[in-house]
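Report on the following structure.
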Amino acid sequence: MCDYIGLDVSQKETTISVRREGQRVWRGKCPSDPQAIAMVLQRRAPDARRVVFETGPLSVWFYHALSAEGLPAICIDARHAKAALDMAPNKTDANDADGLAHLAEIGFYREVRVKGYDSMLVRTLVAARRRLVRVSTELSNQIRGMMKTFGLIVPGAKGGRFEAEVRRLLGGYTGLEQVLLPLLEAWLAVRARAAELGSQLLRTARHSDACRQLMSIPGIGAITATSFTTAIEDPENFRKSRSVGAWLGLTTRRYQSGEVDYDGHISRRGDAHLRGLLYEAATVVLTRTSADSALRTWGLKLRERIGFKRAAVAVARKLAVIMHAMLKSGQSFQREPEATA
């Protein structure tokens, strides 16, 4: 006899449902801790075949911790599970756990690939730096806006020049200086911390063969290369390089019903940050003359026909395909296509 377990995970408590031979044999709750859940399942479901839970903030931790306890953990797509769980007349944690256990028993789910801790650590580094850069930009804009109220216009300066211009303009405005100098000091501190994380990210990219390989592509820097490699992890996760563009939401959506059949905008599914980085890289390819390559030539021809933005999206999709193909084959970027006999 095999046991099929559904876990409805929340921050404090996890609802557990155990099914065996088409019937629920036990349901209960325990703290949201993988070790505590493993102890409960050892008593209630000693022959666990599948332990299913949805994607969420704790899914990476749960997957690796439950797997370390010897349990067959399976993380499934929450969007797909929602369609089945919505069939229940009442939305409760208990009903959701029952529904997940039922999905585990019949095998009607789509398993999600859970990233490793090393990849998540680097992705956390990228996200932390991105957040500090945004906070720094928001603080500098706030300082500029407050000073404009008093007729003090800060010129378009960055870094140390911005600090010097703010201090120069605030001279003689004692009251305003007492208000804005703490903001300026906070801006300096956030900017310094962002620079430290940026240096750490650059060191990580330099020590990675895959990142150095991708950084040979015009427009691809340390942040984009690191974000791409940690998102892909193993190139063998995708059978075809073309699938990476769709996985990142860079392919058009299609609607077909009866006589109606049209393509819409890109799906925007997947990693939004990586999609934005690829779009920025595509913009560099299309606008910088130093980025000459067959990809740039193709993108410029496309821009003449469909416009800059749509061409940049197409180049971003092609960049994702090329980057995956490079990781899979180990070949370097070729600026010009190979001559064919």
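Source: prediction; values computed, not measured. Basis for what follows: all heavy atoms, side chains included, without hydrogens, waters or symmetry-related copies.
- In the hydrophobic cluster analysis, where Ile, Leu, Val, Met, Phe, Trp and Tyr join through side-chain heavy atoms closer than 4.5 angstrom, L188 is grouped together with V179.
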query: Please walk me through it: do R134 and E138 pass salt bridge (Lys or Arg N to Asp or Glu O under 4.0 Å)?
result: CA-CA 6 Å; R134 288 182 179 178; E138 291 173 0; over 6 Å; no
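- Listed by first and then second residue, the salt bridge (charged side-chain N to carboxylate O under 4.0 Å, His left out) pairs that reach into residues 189-198 are R193-E196, sequence neighbours excluded.
- Within the 4.5 Å cutoff, side-chain heavy atoms of F62 are placed close to those of T14.
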For residues 300-317, which side-chain N or O atoms pair as donor and acceptor with protein atoms under 3.5 Å away, sequence neighbours left out?
none

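- The side-chain heavy atoms of L41 and I5, taken from C-beta on, include a pair separated by under 4.5 Å.
- Residues passing the side chain to side chain contact (heavy atoms under 4.5 Å, CB included) test with R242: none are found, sequence neighbours excluded.
- Between the side chain of E233 and the main chain of S119, no donor-acceptor pair closer than 3.5 Å is present.
- In plain terms, the two heavy atoms of R203 and H207 that are nearest each other are O-ND1, 2.7 Å.
- Identified under the ring pair (Phe, Tyr, Trp, His ring centres under 6.0 Å) test for residues 172-201, with sequence neighbours left out: F162-W187.
- Residues L170 and M147 form a side-chain contact, since some pair of their non-hydrogen atoms from C-beta on lies under 4.5 Å apart.
- A 4.5 Å side-chain heavy-atom check between P72 and V51 finds at least one atom pair inside the cut-off.
- Distance alone, capped at 3.5 Å, places no donor-acceptor pair between the E105 side chain and the R20 backbone.
- With rounding to the nearest 0.5 angstrom, the NE2 atom of H80 is 9.5 Å from the CZ atom of F108.
- Within a 6.0 Å sphere centred on OH of Y117, heavy atoms belonging to other residues, nucleotides or ligands number more than 12.
- Across L7, V9, D77, D8, a single residue satisfies side chain to side chain contact (heavy atoms under 4.5 Å, CB included) together with E54, and that is D8.
- Side chain of T224 to main chain of I220: no donor-acceptor pair is present (N/O by atom type, distance under 3.5 Å, no hydrogens or angles).
- Side-chain N or O atoms of T137 include one that pairs as donor or acceptor with a backbone N or O of V133 at under 3.5 Å.
- Within the 4.5 Å cutoff, the side chain of W298 has no heavy atoms near those of the V285 side chain.
- Annotation for R79: atom CZ counts as buried by contact number, over 12 foreign heavy atoms lying within 6.0 Å.
- Within the 4.5 Å cutoff, no side-chain heavy atoms of D3 are placed close to those of R19.
- L183 has its side chain within reach of M146: a pair of non-hydrogen atoms, C-beta onward, lies under 4.5 Å apart.
- Distance alone, capped at 3.5 Å, places no donor-acceptor pair between the R254 side chain and the D263 backbone.
- The main-chain N or O of S10 is found under 3.5 Å from a side-chain atom of S32 such that the two form a donor-acceptor pair.
- Salt-bridge check for R123 with D271: passed, with a basic side-chain N closer than 4.0 Å to an acidic carboxylate O.
- Residues passing the side chain to side chain contact (heavy atoms under 4.5 Å, CB included) test with T55 are C75, A78, V112, sequence neighbours excluded.
- Distance alone, capped at 3.5 Å, is enough to place a donor-acceptor pair between the N237 side chain and the I232 backbone.
- Annotation: R212, atom CZ; neighbour count of heavy atoms from other residues, nucleotides and ligands within 6.0 Å is above 12.
- Within a 6.0 Å sphere centred on CZ of R27, heavy atoms belonging to other residues, nucleotides or ligands number more than 12.
- The number of heavy atoms from other shown groups lying within 6.0 Å of CG (D118) does not exceed 12.
- A donor-acceptor pair is defined here as one N or O able to donate and one able to accept, closer than 3.5 Å; no such pair exists between the side chain of S208 and the backbone of A205.
- By the 6.0 Å contact criterion, CZ on R110 is open, its count of non-hydrogen atoms from other residues, nucleotides or ligands being 12 or less.
- No donor-acceptor pair under 3.5 Å is formed between the side chain of T226 and the backbone N or O of I223.
- By the 4.0 Å N-to-carboxylate-O rule, E165 lies too far from R161 to be salt-bridged with it.
- For CD of Q23, the number of neighbouring non-hydrogen atoms (other residues, nucleotides, ligands) closer than 6.0 Å is 12 at most.
- Nearest heavy atoms, K115 versus V60: O-CG1, 4.0 Å.
- Atom CD of Q142 has 12 or fewer heavy atoms from other residues, nucleotides or ligands within 6.0 Å.
- Using cut-offs of 30° and 60° for the angle between ring planes, the F238 and W247 rings count as perpendicular.
- Applying the side chain to side chain donor-acceptor pair (under 3.5 Å) rule to S241 yields the partners H324; only residues at least two apart in sequence or on another chain are considered.
- Counting only heavy atoms from C-beta outward, the side chains of L184 and R167 approach each other to under 4.5 Å.
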